[in-house]
Amino acid sequence: MAYPFPEIEPKWQKFWDEHTTFKAVEDSTKPKLYVLDMFPYPSGAGLHVGHPEGYTATDIYCRYKRMRGYNVLHPMGWDAFGLPAERYAMQTRIHPRITTQENVATFKRQIKMLGLSYDWNREINTTDPKYYKWTQWIFLKIFNAWYDNNLDKARPISELPMPVGLTEKERYQYIANHRLAYLAEMPVNWCPELGTVLANEEVDEWTEKGYTVERRMMKQWMLRITAYAERLEKDLAELDWPPGIIEMQRNWIGRSEGAEADFPIQGSKKSIRVYTTRPDTMFGATYMVLAPEHPLVDEITSSQYRKVIDEYRAQAKQKSELERTALEKEKTGVFTGGYTMNPATKKPIPIWIADYVIFTYGTGAIMAVPGHDERDYEFARKYNLPIVEVVAGGDLSKAAFIDDGVNVNSSNDEVSLNGLPTPQAKERMIRWLEQKRIGERSIKYKLRDWLFSRQRYWGEPFPLIYLEDGTVKALPESHLPVLLPDTESYKPSGTGESALATVDSWVKTVDPETGKPARRETHTMPQWAGSCWYYLRYIDPRNEKEFCNKDKEHYWMPVDLYVGGAEHAVLHLLYARFWHKVLYDLGYLSTKESFKKLVNQGTILGEDGRKMSKSFGNVVNPDDVVKEYGADSMRLFEMFMGPLEDTKPWSTRGVEGVHRFLNRVWRMIVDEDGNLLASIKEEPLSVEDERLLHQSIKKITLDIENLNFNTAISQMMIFVNEFLNKEVKPHSAMETFVLLLSPFAPHLTEELWEKLGHKQSIAYEPWPQYDEAKTAIETVEMVVQINGKVRSKFPVPINMDEDELKRLVLADQNVKRHLDGKRVVKIVVVKNKLVSLVVK
RNA sequence: GCCAGAGUGGCGGAAUUGGCAGACGCGUACGGCUUAGGACCGUAUGUCCGAGAGGACUUGUGGGUUCGACUCCCACCUCUGGCACCA
């Protein structure tokens with residue numbers, strides 16, 4: 001007979017709701033704890049079993065910490081802007097607001113049915129104008145800020161020092177160029193047949209259907225995240241994040257140290273600046289390569305090469321960034337006819353253009369050192385360019401030697417690197433470049449500025465207007481939020497702009513300060529925008545005057561534990577950290593970083609070990625699981641499957657297993673009529689039972705602290721296996737056990753707690769304490785190894801005297817048998833564990 | 001190719017600082033209870049040899065350090081995730 005979870009679970013969910021059991025209020029008498037789940041995008045498909053994994057883990061942790069006296073903030077909300085709702089709207093003409101509301105209702109029902117202890121008073125939705133008002137407000141703060149490299153922080157644009165003698169137009173341009181949000185011509189994925197811009201993730205889908213997607217330049221809003229590259233990289237060190245994620249962020253930011261140097265163009269006064277991480281190899285630079293887009297290409301190209309160069313550049317322009325990089329085919333390039341001089345060797349070297357050099361990284365130009373760079377080597381081989389060895393240690397007839405080594409062939413009248421190991425050679429060369437004013441030390445990042453415009457309807461509108469003279473103006477804060485207008489069609493305008501561009505009455509507006517006609521920006525913000533700061537809004541979700549009250553922010557921040565999928569390892573977490581730092585610089589926040597500890601839950605695979613997907617027919621619906629086995633079983637199984645971070649397959653048998661366990665828990669305490677079992681009495685525990693109880697408290701406590709929920713559950717199973725059929729079960733032991741189980745199976749344990757005679761919810765009962773002395777055992781099983789093999793075991797009292805123990809070991813029958821005719825060379829005693837004999 | 005993480009029974013997975021490999025669960029087999037049960041209870045269960053006592057082998061592969069290695073070191077193989085011409 002199964003325990004009556006269909007009655008118990010709704011009963012306690014209602015109780016928690018009605019008593020607002022999990023409402024969080026600032027309370028300076030308690031230590032605070034902010035535990036955050038990555039909020040979901042409420043898709044039409046509803047919750048899948050992957051969502052509750054992280055949610056259950058944080059819920060257990062929160063419930064445990066409340067019992068330990070922490071004031072816990074544990075909120076939930078909806079990341080509801082995004083492409084799927086908009087695409088659905090295009091097909092059905094149903095407003096995305098409506099479908100979003102429906103999807104949120106489904107998600108909320110499903111999440112609530114799991115008994116998660118969220119403070120629902122703090123629920124937020126990124127598509128709510130009351131929320132996105134503040135997303136727009138933060139955008140304005142970014143827009144109205146510049147990065148002061150001297151102070152190494154963002155400052156209000158009003159504090160930007162202005163050069164004297166600028167015209168009004170120049171002033172405008174100067175300021176625009178310094179804002180942290182700026183307009184730039186950037187390539188988009190343009191599909192002529194659809195007349196729309198595609199998101200990167202859509203490109204494959206449409207090209208597979210035979211549509212063409214090409215690169216097209218468009219003015220777009222960019223956020224100057226590169227200004228923060230150094231701090232975003234440096235502050236990673238203070239985060240308690242999985243090393244893998246830190247590494248991924250580090251790679252994404254891509255810091256590299258090197259030098260820049262000027263190479264004079266022959267027959268011109270100008271020079272070309274290159275960036276290299278290997279200044280020590282400059283004597284081996286035998287040619288130069290510019291990115292096809294490099295502005296000096298025209299000037300360098302001699303007339304007889306003009307035609308090929310132009311053709312090559314046109315070709316490169318056609319190719320999308322994907323094609324240029326992902327194809328990984330043979331390198332191509334063409335000679336410009338121009339020459340530059342290697343400043344180290346003073347010899348002329350040819351200038352080529354090739355699309356393996358990226359315009360947007362470094363200076364868009366490289367000195368090619370084929371002897372010590374694989375790419376340059378490949379290129380030089382193909383086009384018969386000279387290869388010179390300047391670092392000894394490799395065989396240049398076979399491959400480039402890219403490792404560190406010792407310099408050779410590296411001297412001129414002023415400097416010699418010969419004999420120097422690579423690190424010193426680098427330093428020596430940089431010093432020489434700086435002395436001769438040829439170049440200087442330089443640090444570069446791979447990180448690019450953040451393309452922040454989307455040509456979409458279902459996103460936050462920018463609080464910006466274009467005046468008739470073409471200038472951009474920020475709307476005053478008092479005009480926020482800029483609401484999304486309703487429209488008949490959600491289809492993009494066909495010109496590359498979003499559907500917003502077709503809503504004339506919305507686009508046409510006036511400058512609120514001058515009354516002059518103006519047009520609204522029709523781009524919208526990317527989905528990342530709302531998720532960049534939601535953790536701050538939870539702190540003060542109903543505040544209409546500020547995005548977040550400062551005292552409250554000070555009390556709750558930073559987020560102590562953040563749990564979510566690893567798919568957000570780079571972008572979401574990097575963008576959120578960036579916004580956080582901007583707000584910190586501008587004085588709105590008290591912490592440098594947002595998320596102190598981060599944990600990624602692993603993916604749950606289908607029962608067949610494949611990724612869950614409709615096409616495989618292996619998707620597990622949480623509704624079905626809860627209906628069949630109850631929410632507590634679902635929660636428990638999700639935690640019992642294995643370590644939180646691991647990828648692991650679903651198993652219906654496994655759910656049945658933990659469900660059986662919960663039934664056993666019920667039967668351990670409740671009789672067939674639903675009353676407390678007669679075997680539960682006010683009696684003291686035997687020494688053995690008390691030991692098991694204290695061992696269980698200890699193991700479960702430490703396991704929850706370390707988020708090792710699977711082994712905590714194992715320990716509870718051991719406890720129940722021992723106690724289930726005891727004739728007498730001490731009341732206190734049963735209570736302690738129910739407390740231990742309560743973070744995992746809150747509904748069942750609330751019910752049992754009530755049956756054990758309590759009127760109050762179990763949620764804030766003090767967590768059981770263990771007594772280390774009571775976990776100790778009196779006898780240990782001593783293992784005897786002879787030449788590394790276990791030959792005997794016998795019980796001995798704990799902490800036995802070593803000599804006595806040795807005597808016992810040598811007297812043991814099994815040991816004697818193996819010692820027959822041999823000599824004991826050495827005895828190793830590991831206290832309370834084993835005795836190891838070496839014999840000959 | 002590069003970076004990070006991981007390889008343990010039929011399956012999911014356990015194993016402080018090196019110290020009895022396989023906890024706990026699933027599955028399987030046998031037994032009990034039962035009109036019946038796919039409910040429940042009990043016993044067994046890494047592989048091989050052996051009637052048994054006992055023995056041999058066993059944590060991806062090969063080597064090393066050690067009285068002792070899933071754990072540390074070296075080389076290799078496989079899988080997962082990320083990056084992918086970033087000079």
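Naming: A, B, ... by sequence-line order, numbering from 1 per chain.
- A:Asn251 places its CG atom 14 Å from the C1' atom of B:G1, with the value rounded to the nearest Å.
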Might you list the N or O atoms of the protein lying below 3.5 Å from N or O atoms in nucleotides 61-69 of chain B, with each pair's distance?
unit_1: B:C67; atom_1: OP1; unit_2: A:Lys826; atom_2: NZ; d: 3.4
unit_1: B:C67; atom_1: O2; unit_2: A:Ser836; atom_2: OG; d: 2.7

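- Partners of A:Phe719 according to the ring-ring contact (aromatic ring centres under 6.0 Å, His included) rule, which considers only residues two or more places apart in sequence or in another chain, are A:Phe723, A:Phe737.
- Applying the 3.5 Å distance criterion, the base of B:C20 shares no donor-acceptor pair with the side chain of A:Lys833.
- Across the protein-nucleic acid pair, A:Ile402 atom CD1 and B:G1 atom P stand 14 Å apart, rounded to whole Å.
- For A:Arg667 and B:C41, the shortest distance from a side-chain N or O to OP1 or OP2 is below 4.0 Å.
- Across the protein-nucleic acid pair, A:Tyr377 atom OH and B:G1 atom C1' stand 17 Å apart, rounded to whole Å.
- Atom P of nucleotide B:C85 and atom CZ of A:Phe359 are separated by 18 Å, given to the nearest angstrom.
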Just the table, please: protein N/O against nucleotides 27-34 of chain B N/O, every pair under 3.5 Å.
none

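- Between the NZ atom of A:Lys698 and the P atom of B:U16 there is a distance of 13 Å, rounded to whole Å.
- Listed by chain and residue number, A:Trp352, A:Phe379 satisfy the ring-ring contact (aromatic ring centres under 6.0 Å, His included) test with A:Tyr383 (two or more places apart in sequence, or in another chain).
- Electrostatic pairing of A:Lys648 and A:Glu638 does not count as a salt bridge here, judged by no charged N lying under 4.0 Å from a carboxylate O.
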Between the protein and nucleotides 73-75 of chain B, which nitrogen or oxygen pairs are less than 3.5 angstrom apart?
none

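- Scored by the ring-ring contact (aromatic ring centres under 6.0 Å, His included) test, A:Tyr228 finds A:Tyr147, A:Phe578 as partners (sequence neighbours excluded).
- Considering only residues two or more places apart in sequence or on other chains, A:Phe640 meets the ring-ring contact (aromatic ring centres under 6.0 Å, His included) condition with none of them.
- With respect to the salt-bridge test (charged N to carboxylate O, under 4.0 angstrom), the residues A:Arg273 and A:Glu260 qualify.
- At the phosphate of B:A87, OP1 or OP2 sits under 4.0 Å from a side-chain N or O atom of A:Ser256.
- As judged by a 4.0 angstrom heavy-atom cut-off over every strand, A:Thr603 is placed among residues making no nucleic acid contact.
- Each salt bridge (Lys or Arg N to Asp or Glu O under 4.0 Å) pair with one or both residues in residues 243-257 of chain A, not counting sequence neighbours, appears once here: A:Glu233-A:Arg250, A:Arg255-A:Glu257.
- Less than 4.0 Å separates RNA chain B from at least one heavy atom of each of the following residues of residues 714-727 of chain A: A:Ser714, A:Met717, A:Ile718, A:Asn721, A:Leu724, A:Asn725.
- Residues of residues 703-710 of chain A having a heavy atom closer than 4.0 Å to RNA chain B, listed by number: A:Asn710.
- Separating the C1' atom of B:G68 from that of B:A84 is a span of 45 Å, rounded to the nearest Å.
- For the pair A:Ile700 CD1 and B:C24 P, the computed distance is 15 Å after rounding to whole Å.
- Atoms CD (A:Gln695) and P (B:U16) sit 15 Å apart, rounded to a whole Å.
- Comparing the same atom, C1', in B:C67 and in B:C20 gives a spacing of 16 Å after rounding to whole Å.
- Base pairing of B:A44: its partner is B:U28, meeting the Watson-Crick or G-U wobble criterion (both donor-acceptor distances under 3.5 Å).
- A straight line from CG of A:Leu692 to C1' of B:C24 spans 13 Å, rounded to a whole angstrom.
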With 3.5 Å as the limit, what N/O pairs link the protein to nucleotides 10-12 of chain B?
unit_1: B:G12; atom_1: O2'; unit_2: A:Met641; atom_2: O; d: 2.7

With sugar-phosphate taken as primed atoms, P, OP1 and OP2 and all else as base, the protein-contact string of nucleotides 45-60 of chain B at under 4.0 Å (heavy atoms; B, S, -) is ---------SSSS---
